[in-house]
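First comes the structure, then the notes that go with it.
For the numbers below, each heavy atom of this structure counts, side chains included, while hydrogens, waters and symmetry mates do not.
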Amino acid sequence: MSQTTGASYAEAGVDIEAGDRAVELMKEWVKKTQRPEVLGGLGGFAGLYDASALKRYERPLLASATDGVGTKVDIARQMGVYDTIGHDLVAMVMDDIVVCGAEPLFMTDYICVGKVHPERVAAIVKGIAEGCVLAGTALVGGETAEHPGLLGPDDFDVAGAGTGVVEADRLLGPDRIRTGDAVIAMASSGLHSNGYSLVRHVLFDRAGMSLDQQVEELGRTLGEELLEPTRIYSLDCLAMTRTAEVHAFSHITGGGLAANLARVVPDGLHAVVDRSTWTPGPVFDLVGRAGRVERLELEKTLNMGVGMMAVVPESSVEVALATLADRGVDAWVAGEVVDRGDRTTGAELTGSYAD
């Protein structure tokens with residue numbers, strides 16, 4: 001009679017030991033993100049945050065958000081560079097939270113892989129931890145899931161969720177915006193982390209470009225440009241709220257500049273943004289030319305060089321711009337808020353981009 005060996009988790013493609021090794025490698029990076037309110041260490045079933053720290057608030061409102069980085073992860077996979085994609089994840093989550101004026105408190109992540117490569121997972125977490133430091137938030141826990149058979153051995157995806165807090169009477173948003181307010185644009189670091197399905201289709205499928213291709217107008221390879229981390233504005237925005245009167249922020253992600261700005265403009269008002277106040281970076285022109293993408297289509301998909309916008313009263317413009325300049329953020333007045341009249345949307349772009 002033939003002898004058979006019983007099935008095992010490892011035989012099914014899940015390597016528990018590799019997962020444990022990944023946790024050990026990432027611990028030093030997670031530790032760098034800790035705030036005084038965080039209790040315990042990595043490895044528990046849940047991350048703990050001491051909520052008594054919120055007693056200093058009269059009426060604390062918790063703000064939460066969750067997001068991923070989309071198909072930009074495929075660029076990281078192809079390039080074999082895993083320690084920057086975490087910056088994108090933190091930006092997509094925490095810059096949504098700060099829009100309402102909330103201070104980021106803590107974040108958790110979810111990393112799904114086809115096969116656990118401990119050093120690779122640790123590199124991803126390293127990037128997330130570095131992003132958390134830039135956002136002023138703690139990384140209190142996460143999950144690494146191995147999905148053999150569903151994902152290839154080198155495939156992965158990342159997602160995250162975060163929580164912040166804001167005093168109720170300091171909540172930012174449409175209720176604060178008034179006619180005559182100025183719209184301040186903050187420069188993006190590039191494509192950020194949205195629209196990559198279009199970008200990949202245009203540059204790779206249509207134009208036949210490669211990641212290692214040197215692109216003169218970019219001053220580096222295409223891969224280096226596409227993997228440029230998303231700028232994290234959380235602490236910059238919070239600094240503005242301490243020095244200037246701010247009515248609203250708008251995080252420019254999927255849907256483009258006008259659609260995202262419209263989300264914070266109240267009924268009856270309209271934000272007019274003048275394209276001539278800035279020149280989009282060369283990567284946006286490259287995508288447009290390579291795929292013969294219409295300007296409006298680009299603007300519906302990409303940030304066009306603006307990653308965050310602030311709506312402030314005219315009296316606060318000077319100090320707001322000075323605060324951003326002190327923090328190394330390139331910013332400018334890009335438009336204003338007017339009565340909506342017979343317009344059907346809350347925001348629009350006018351004019352042509354500066355040469």
Distance-only donor-acceptor hits, side chain of residues 309-319, under 3.5 Å, sequence neighbours excluded:
{"unit_1": "Ser316", "atom_1": "OG", "unit_2": "Glu245", "atom_2": "N", "d": "3.2"}

Shortest non-hydrogen contact from Ser188 to Asn303?
OG-OD1, 3.0 Å

State which residues pass side-chain hydrogen bond (donor to acceptor under 3.5 Å, both in side chains) with Asp169; sequence neighbours excluded, sorted by chain then number.
none

Is the backbone N or O of Tyr353 less than 3.5 Å from a side-chain atom of Arg275, with the two atoms forming a donor-acceptor pair by type?
no

Looking at every non-hydrogen atom in both residues, tell me the closest pair between Leu324 and Ala331 and how far apart they are.
CD1-CB, 3.5 Å

Between Val273 and Trp278, what is the shortest heavy-atom contact and its length?
CG1-CZ3, 3.8 Å

Which donor-acceptor pairs under 3.5 Å do side chains of residues 80-87 form with protein atoms, sequence neighbours excluded?
{"unit_1": "Tyr82", "atom_1": "OH", "unit_2": "Arg120", "atom_2": "NE", "d": "3.4"}
{"unit_1": "His87", "atom_1": "NE2", "unit_2": "Glu130", "atom_2": "OE1", "d": "3.2"}

Looking only at heavy atoms, which two atoms of His192 and Asp88 are closest? And how far apart?
O-OD1, 4.2 Å

Under 3.5 Å, is there a donor-acceptor pair linking the side chains of Thr179 and Asp339?
yes

Show me, pair by pair, the donor-acceptor contacts under 3.5 angstrom made by side chains of residues 250-257, not counting sequence neighbours?
{"unit_1": "Ser250", "atom_1": "OG", "unit_2": "Asn260", "atom_2": "O", "d": "2.9"}
{"unit_1": "Ser250", "atom_1": "OG", "unit_2": "Leu261", "atom_2": "N", "d": "3.3"}
{"unit_1": "His251", "atom_1": "ND1", "unit_2": "Asp96", "atom_2": "OD1", "d": "2.8"}

Please answer whether the main-chain N or O of Val69 pairs with a side-chain N or O of Ser193 as donor and acceptor at a distance below 3.5 Å.
yes

Is a side-chain donor-acceptor pair under 3.5 Å present for Ser64 with Thr163?
no

Here the salt bridge (Lys or Arg N to Asp or Glu O under 4.0 Å) pairs for residues 341-355, sequence neighbours left out, are Arg343-Glu348

Output all residues satisfying side-chain hydrogen bond (donor to acceptor under 3.5 Å, both in side chains) with Ser52, sequence neighbours left out; order by chain, then residue number.
Asp50

Supply the atom-to-atom distance Asp109 CG to Ile128 CD1, rounded to the nearest 0.5 angstrom.
4.0 Å

Partner of Val246 under side chain to side chain contact (heavy atoms under 4.5 Å, CB included), picked from Asp181, Leu172, Ile184, Leu238, is Leu172

Are more than 12 heavy atoms from other residues, nucleotides or ligands located less than 6.0 Å from atom CZ of Arg206?
no

Given the rule in the salt bridge (charged side-chain N to carboxylate O under 4.0 Å, His left out) test, do Arg77 and Asp74 qualify, once you have shown the distances and angles that lead to the verdict?
CA-CA 5 Å; Arg77 180 191 63 80; Asp74 192 53; 2.8 Å; yes

